[in-house]
Amino acid sequence: MKAAVYYENGGPDVFRYEEAPDPQVHPKGIVIRVEAVSIEGGDTLNRFRGALVTKPHIVGYQAAGEIVEVGEEVTHLKVGDKVVTTGAHGSHAALRAVAARTAWKIPAGMNLLEASAIPVPFGTAHDCLFEFGRMQAGEIVLVQAGASGVGVAAIQLAARAGAAMVIATASSDERLEKLKAYGLTHGINYARDDVAKEVWRLTDKHMADVIVDPVGGPTLQTSIASLAYRGRVSMVGAAGREPMKVDVGSMMGGNRSLSGVFLGAEIATDRVHDNIQQLIQDVADGSLKVLIDRTFPLSEAAAAHRYIESRQAVGRVLLIP
């Protein structure tokens, strides 16, 4: 099969588009013919500094396509089914093998490109807001990196759940403007404005009850500084690639809390599996939307990763084998 592989960590230019061995099906797994790869934030981080568990390594958490092989112990899926899959690696290829437990059926008639971009970002955003953030209707929500996949999902989910205000940050006014159609109340251009001061102003000194932070590094300190009394930060990832050094002393006086969120730790549980299937159905029904910024051929994986790291994208960037 063809795949975007690399032999060492580094920038996007480490990618090579070449032949790689076809993956083998596990008794409890499936193999799909990939039709769309959703590039996740963790994919770029893994390319940059993650372990090369295979060599050459095929990076990538998430991809959708048609099942071409089913393991002997799998009974709920069959050859020909359209599914979206997640796994620790292997999405940037024409074929991928995953555990059947981390595959979700795509409803008949649903756009497969949209389905390819749902499990990780929408599942993560949902956990950040509700499972760990304990968001309630009427609360104020701040979403850091609002133009990211998790950010776009979190904005919609918070608005749908009755947030009094949904604030998000992004690197430009143009990117923020595009988010208004998805439920954004107020945008903060972090390249120009002090985020905590803007949250203070926009909320009339209340600050944010729930914060979703997929950036980490110095941004996490900004999130902590933006918390209301009894506010909660859900920290998910380290997209900023900077050391996670923060002062949490200010959290104690305000009875504030910080939770680390990693969807992968529970993705095979009934709770998360069923929740993701419902989120897929919600997109199919039109109550949630997937925002796809651009698509690239799989052979241009380097260009796609470079585009993501330029911070121009709003929503997800896909690779098409």
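These numbers were taken from a predicted model, which means no experiment stands behind them.
Enclosure of atom CZ in R33 is not indicated, since only 12 or fewer non-hydrogen atoms of other residues, nucleotides or ligands lie within 6.0 angstrom. By the 6.0 Å contact criterion, CD on Q24 is open, its count of non-hydrogen atoms from other residues, nucleotides or ligands being 12 or less.
Residue T86 is tested with V98, I276, V120 for a side chain to side chain contact (heavy atoms under 4.5 Å, CB included); the sole match is V120. Each of L52, N46, T54, D43 was evaluated against H89; a single residue qualifies, T54, per the side chain to side chain contact (heavy atoms under 4.5 Å, CB included) test.
Residues V59 and S91 fail the side-chain proximity criterion, which asks for heavy atoms closer than 4.5 Å. Considering only heavy atoms from C-beta on, V84 stays 4.5 Å or farther from I118 through its side chain. In this structure, T222 and L220 have side chains that are not in contact, with every pair of non-hydrogen atoms separated by 4.5 Å or more. Using a 4.5 Å heavy-atom threshold, the side chains of V150 and V212 count as touching. The closest side-chain heavy-atom distance from L263 to V272 is below 4.5 Å. Contact check for E8 versus P56: no side-chain heavy atoms found under the 4.5 Å cut-off. Side-chain contact between R47 and H305 is present, with at least one heavy-atom pair separated by less than 4.5 Å. Contact check for I320 versus L298: no side-chain heavy atoms found under the 4.5 Å cut-off.
Although no hydrogens or angles enter the test, the distance criterion places no donor-acceptor pair under 3.5 Å between the side chain of D193 and the main chain of V195. In terms of modelled atom types and a separation under 3.5 Å, the side chain of Q277 and the main chain of K105 share a donor-acceptor contact. Panel note: side chain R96, backbone G60; a donor-acceptor pair is recorded below 3.5 Å. T169 places a side-chain N or O within donor-acceptor distance of the main-chain N or O of A145, the cut-off being under 3.5 Å. Side-chain atoms of R175 come within 3.5 Å of backbone N or O of A313 as a donor-acceptor pair. The backbone N or O of L77 sits nowhere less than 3.5 Å from a side-chain atom of D81 that would complete a donor-acceptor pair. In terms of modelled atom types and a separation under 3.5 Å, the side chain of Q144 and the main chain of A168 share no donor-acceptor contact. Distance alone, capped at 3.5 Å, is enough to place a donor-acceptor pair between the E19 side chain and the M1 backbone. Put simply, the side chain of T185 gets close to the backbone of V166: a donor and an acceptor are under 3.5 Å apart.
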Stepwise side-chain contact (heavy atoms from CB on, under 4.5 Å) test for R316 and E40:
CA-CA 8 Å; R316 271 294 176 252; E40 302 302 311; 2.6 Å; yes
Could you go step by step and tell me if V152 and V290 meet the side-chain contact (heavy atoms from CB on, under 4.5 Å) rule?
CA-CA 8 Å; V152 173; V290 170; over 6 Å; no
Decide side-chain contact (heavy atoms from CB on, under 4.5 Å) for V70 and V25; before the verdict, give the C-alpha distance in whole Å, the side-chain angles of both, and the deciding distance to 0.1 Å.
CA-CA 7 Å; V70 175; V25 70; 6.0 Å; no
Under the criterion salt bridge (charged side-chain N to carboxylate O under 4.0 Å, His left out), I'd like the reasoning laid out for R201 against D194: C-alpha separation, chi angles, the key distance, then a yes or no.
CA-CA 11 Å; R201 181 183 68 82; D194 182 295; over 6 Å; no
Check the pair D247 / Q221 against side-chain contact (heavy atoms from CB on, under 4.5 Å), numbers first and verdict last.
CA-CA 7 Å; D247 179 4; Q221 192 68 62; 3.8 Å; yes
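Centroid-to-centroid, the aromatic rings of W200 and H206 stay 6.0 Å apart or farther. Aromatic rings from H92 and H57 are positioned such that their centres are separated by 6.0 Å or more.
Taken together through direct or relayed side-chain contacts under 4.5 Å among Ile, Leu, Val, Met, Phe, Trp and Tyr, L95 and I67 form parts of separate hydrophobic clusters. Taken together through direct or relayed side-chain contacts under 4.5 Å among Ile, Leu, Val, Met, Phe, Trp and Tyr, V233 and M207 form part of one hydrophobic cluster. Residues I140 and M251 share a hydrophobic cluster, clusters being chains of Ile/Leu/Val/Met/Phe/Trp/Tyr side chains in contact below 4.5 Å. Under the 4.5 Å side-chain contact rule for hydrophobic residues, L227 and I188 share a cluster. The hydrophobic cluster containing L319 also contains V83, counting ILVMFWY residues as joined when their side-chain heavy atoms lie under 4.5 angstrom apart, directly or transitively.
Across S148 and P214, no two heavy atoms sit closer than the pair OG-CG, 4.4 Å. Minimum interatomic distance between L179 and A147 (heavy atoms only, all atoms of both residues): CD1-N, 3.9 Å. Taking every heavy atom of both residues into account, D213 and S223 meet most closely at OD2-OG, 2.8 Å. In plain terms, the two heavy atoms of S287 and R160 that are nearest each other are OG-NH1, 3.5 Å. G254 approaches Y229 most closely through the heavy-atom pair O-CD1, 3.3 Å. Of all non-hydrogen atoms in A228 and R256, the two that sit nearest each other are O-NE, 3.1 Å.
Expressed to the nearest 0.5 Å, how far CG of L142 lies from CG of D209 amounts to 11.0 Å. For the atom pair CG of L112 and CD of E35, the computed distance is 5.0 Å after rounding to the nearest 0.5 Å. The line from CD of E300 to OH of Y17 is 10.5 Å long, rounded to the nearest 0.5 Å. Atom CG of L318 sits about 4.5 Å away from atom OG of S116, to the nearest 0.5 Å. To the nearest 0.5 angstrom, I292 atom CD1 is 6.0 Å from N111 atom CG. Distance CD1/I32 to OG1/T85: 4.0 Å, rounded to 0.5 Å.
Side-chain atoms of D274 and Q278 form no donor-acceptor pair, as typed in the model, at a separation below 3.5 Å.
Under 4.0 Å is where a charged nitrogen must lie from a carboxylate oxygen, and between D173 and K178 no such pair does. The pair K289-E114 does not count as a salt bridge, with every side-chain nitrogen at least 4.0 angstrom from each carboxylate oxygen. Here R232 pairs with E139 in a salt bridge; the nearest charged N to carboxylate O distance falls below 4.0 Å. Using a cut-off of 4.0 Å between Lys/Arg side-chain N and Asp/Glu carboxylate O, E18 and K2 are scored as not salt-bridged. Under a 4.0 Å N-O distance rule, the pair E309/R306 does not qualify as a salt bridge. The residues K28 and E72 are annotated as not salt-bridged, no charged nitrogen and carboxylate oxygen being separated by less than 4.0 angstrom.
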